[in-house]
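Notes to accompany the following structure.
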Amino acid sequence: MIQFMNVTKTYTNGTTALNNINLEIKQGEFVAVIGLSGAGKSTLIRCINRIHDISSGTLLVDDVDVSKLKGKHIRKFRRRIGMIFQSFNLVTRTTVINNVLVSLVPGLPLWRKLTGIFQKEHKIIALEALDKVGILDKAFVRVDQLSGGQQQRVALARTLAQNPDIILADEPIASLDPVTARIVMDDFKKINKDMNISVIMNIHHVEIALEYADRIIGIRKGEVVFDGETSQVTQEILEDIYGGKWEAEKAAMEEQAAYVR
Amino acid sequence: MFDKLFPPKKIVLPGGKIVLQKRSRTPLVVLILAACTVLSAQFTGFSFPMLFKRIHEFFTIILKMIPPDWSSLSDIWSPLLDTIKMSLLGSIIGALIALPVAVAASSNIVQSRIIVILSKAVLSLLRTLPTLVSALIATFVFGLGSMAGTVAIMLFTISYVGKLVYEQIENVDMGAFEAMESLGMTRLEAFRFAVLPQVLPGYISTSLYCFEGNVRYAAILGLVGAGGIGLLINEGLGWRDYPAVGMIILVLIVTVYIIERISEHFRKKLI
Amino acid sequence: MNSIEQQLAAAPRNKLYLGTIAAIVAALFVWSMTAVNFNQIEQNSLKIAKNIVYGLTHPDTQLLFNVSKQSVLYLLLETVAIAFLGTIVGAVLAVPLAFLAASNIVPKPVSWLTRLLLIIIRTVPSLVYGLMLIRVTGPGAFAGVLTVGITSIGMLAKLYVDAIEELDTRVLESMTSVGCTTFEKIRFGIIPQLLSIFLSVMIYRFDMNMREASVLGLVSAGGIGAPLIFAMRSYKWDQVGSILIGLVVLILIIEFFSNKVRAKLVRG
């Protein structure tokens, strides 16, 4: 369970990214965070695994106070939280399996860390993770030869191999075309339901968010303006989240979708 | 500044429109370069008459080198191998040291600004020092012989490989690094698995290229007593034994050519 | 055997290749160790090293700043002059060689022969040229200029050739269609394309020649090298310190400006 209690985040240059956030996310929920760019969605997600520090308030993950963690404990804590990025963030020069094996590195003895030689058991864990996202056959292909959708699934497999309780996803489908986007979203949904992993996702495509997520959190200017089940989201609420720019956003999205079709 | 001294030229088109053409800087640059050339020529005592009158001496020496003295070949092997060993050892050790130094000089990996600036300063200071000068200094510390040459080559390799590698590291895509930090790695581990795979081919290729150049450098280090074939060249020229010098140069050319070919083969594979 | 184990078995094996190369490198490393005699490091090495460091950090400021003919400033100026003029000499000599080596201008055998000549010119160590050229001009800066010039040819010509072989010939085609003569084509079609690249290469080489010129004193071909060596041979490390500091600062300044000018040239 993730609990935000009066969380505020101010950057060193003075801008307030998050303002007095109060949230509670239960284990196994599929949450989509929506809002305009710059509303603080990314900051919200990155505070959960302490890539960003919060300025005040309390952030608990399974009753652990995240902001009190230090050094080794942060890294141990992060092991339990997977993260997916818009630009995949893979090492493109090396093979798919090497990218997945990376998530097993923190538990290895030093000589294996230095040489990068992995045990058979670890390779099997990595291959199983690849199997779960359906790209087992690409295991020994170099990442730069894969399509965007395949690369994002490699990133998903990397996260799965880490066996996390929570997956944070920062715009995971923003660089993908609508068709691949749906395949990747299906993977997320499957992982969420089958393995009871919480998914907290920043997403720009409201339509897709409404279709896949159990719960929607709307953010505007660093504040939570909507928090509720997907079925409760109405046109007015979207207008509110997007501050009157909803029509323009929607038109832009439809245009993009039409272009691909 | 320049535009104030020489205001742009106004061109009035027949239609009445005015176009401003900036004055070309070429004449000024040419003037400065010409002045520098003349001054340098006076300073260094450059004289064409002397050059034309005596340049044949240069070619006489070259002609005396042909044919080379094949009988001196047996004396060349050992110093030649020493030269190769010096450059090999200096290059390997230098390249190995260069990697951590390059990491320390990369502002995107190391967070402490002081360490970054200090490492960069050390690298650029080392780079300004001519190899021959560091070899000379090394002969005082390590005594005459190939140890001094090896140290000089090592220092040069550190500075050269170090600079090119930190430039590469700073241009690397940091996304993977962020991902690895988010899955619980230390910065060092994240470097090993996210950045190193990206820069490793470049690092090896740079080191190989540096090694090629080092073989050439190593050949002259003997002139300051730092071991290798340079000593023989110096002696040969001193005794005016030009056929022997010709032989050394021939052997050197063949050696450098072979090493370049091998190194090029591997560098092409890395891309 | 399920599909995962199948995939595992299908892993490409390049361990043998990498292992062989690692073994060869390790063997070469051990072999090259035989050239170095570690017990040469004598007892007083450390003392000498300490003296050197002390001298370098306590330079002879008098030598550094006075204005006689033995001062560091004067000698540095001479070194710059040698490097500058040498670069010009090398740049001029390299142009015809570069055109003769460009495979898109001359027939293959000619280009191949010129390239061979360039390799030979490049491989002969600079100090060898220096020693040969003092026989022509006598000791002094003049020999230094010629040495730097000849040493520069190899690299300059190689980089010129790259520029020539990448020439955009479509411009020439359009010029032919306008009715230009060969001379006009060279003047307005080729030179503008090459000039800025050639200049950039020259500045880069000038930068390197500063280092080259500073050691020519070893063979008494002028520049700051000779006093540097005299100071070393007589263990006057404070003088060595002042000379090296002057040299390093000068080279850094020149490098800074040459990088700026080259960046400007590339941007046009």
Side-chain angles (χ1 to χ4, degrees), chain A residues 45-46 48-52 69 71-95 98-108 110 112-116 118 142-144 151 154-155 158-164 166-170 175, chain B residues 92 95-104 106-113 164-208 266-271:
Chain A
I45 277 199
R46 274 152 213 254
I48 298 176
N49 63 353
R50 268 268 321 258
I51 287 193
H52 290 335
L69 292 174
K72 206 168 145 192
H73 298 287
I74 296 183
R75 295 197 292 274
K76 217 171 165 190
F77 165 73
R78 282 182 184 158
R79 305 271 311 118
R80 298 177 37 220
I81 304 178
M83 190 154 185
I84 300 286
F85 304 82
Q86 173 180 347
S87 47
F88 323 133
N89 292 9
L90 298 168
V91 183
T92 50
R93 287 198 74 121
T94 176
T95 56
N98 275 346
N99 267 285
V100 180
L101 281 168
V102 146
S103 61
L104 303 165
V105 162
L108 294 180
L110 182 66
R112 284 193 187 277
K113 279 181 191 168
L114 286 175
T115 55
F118 292 89
R142 257 171 71 146
V143 170
D144 44 16
Q151 290 196 19
V154 175
R158 175 173 67 188
T159 304
L160 287 181
Q162 183 186 338
N163 195 17
I166 303 164
I167 291 180
L168 307 173
D170 191 9
S175 332
Chain B
I92 294 178
L96 287 178
I97 299 177
L99 190 61
V101 179
V103 174
S106 308
S107 52
N108 53 349
I109 307 289
V110 173
Q111 282 166 316
S112 155
R113 277 185 64 82
L164 289 175
V165 171
Y166 87 65
E167 279 173 356
Q168 269 187 42
I169 295 178
E170 287 188 339
N171 286 322
V172 128
D173 166 33
M174 288 299 279
F177 188 85
E178 194 194 6
M180 310 245 163
E181 271 201 298
S182 84
L183 61 81
M185 285 194 193
T186 60
R187 290 182 79 83
L188 219 60
E189 286 168 359
F191 170 81
R192 160 68 185 82
F193 286 95
V195 180
L196 195 65
Q198 295 181 64
V199 297
L200 196 61
Y203 164 65
I204 296 176
S205 163
T206 309
S207 304
L208 277 172
F266 284 107
R267 281 196 288 130
K268 274 196 182 134
K269 266 201 162 174
L270 283 167
I271 300 164

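Order of the sequence lines fixes the chain letters, A, B, ..., with proteins taken first and strands second; residue numbering starts at 1 for each chain. Every value quoted in this text rests on a predicted model; they were computed, and no experiment measured them.
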Between B:E178 and A:R46, is there a salt bridge with N-O shorter than 4.0 Å?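 Yes, this pair counts.
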Selection from A:I74, A:L90, A:L114 maximising heavy-atom pairs under 4.5 Å formed with chain B: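 Heavy-atom pair counts peak at A:L114.
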With chain B, which of A:V105, A:L168, A:T94 has the greatest number of heavy-atom pairs at distances under 4.5 Å?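 Ranked by heavy-atom pairs under 4.5 Å with chain B, first place is A:V105.
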Measure distances from A:R158 to the heavy atoms of chain B and classify the residue's part below 4.5 Å as side chain, backbone, both or neither.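 Only the side chain of A:R158 comes within 4.5 Å of chain B.
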Heavy-atom distance under 4.5 Å to chain B: side chain of A:S103, backbone, both or neither?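 Both parts, backbone and side chain.
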Please list, chain by chain and in numerical order, all residues satisfying side chain to side chain contact (heavy atoms under 4.5 Å, CB included) with B:N108, sequence neighbours excluded.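 B:S106, B:I169, B:E170, B:M174.
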Suppose we screen for salt bridge (charged side-chain N to carboxylate O under 4.0 Å, His left out). Which residues come up paired with B:D173, at least two apart in sequence or across chains?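 Per chain and number, B:D173 pairs via salt bridge (charged side-chain N to carboxylate O under 4.0 Å, His left out) with no residue.
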What residues, two or more places apart in sequence or in another chain, satisfy salt bridge (charged side-chain N to carboxylate O under 4.0 Å, His left out) together with A:R93?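 In terms of salt bridge (charged side-chain N to carboxylate O under 4.0 Å, His left out), with neighbours along the sequence ignored, A:R93 is linked to no residue.
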Which residues from residues 196-204 of chain B are near chain A, with near meaning under 4.5 Å between non-hydrogen atoms?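 At a heavy-atom separation under 4.5 Å, chain A is reached by B:P197, B:Q198, B:P201.
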Pick from B:L183, B:V195, B:T186: which one has the most heavy-atom pairs with chain A under 4.5 Å?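 Among the listed options, the one with the most contacts to chain A is B:L183.
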Test item: A:Q86 side-chain N/O and A:D170 main-chain N/O as donor-acceptor pair under 3.5 Å: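 Looks like no, no N/O pair under 3.5 Å.
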Whether B:R192 side chain and A:K113 backbone form a donor-acceptor pair below 3.5 Å: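 Looks like yes, one N/O pair under 3.5 Å.
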Is [Y] close to [X] at the side-chain level, that is, under 4.5 Å between some pair of heavy atoms?
| X | Y | answer |
| --- | --- | --- |
| A:L101 | B:F193 | no |
| A:R79 | A:P106 | yes |
| A:V154 | A:V100 | yes |

B:M180 portion near chain A, given a 4.5 angstrom heavy-atom threshold: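 Interface part for B:M180: side chain.
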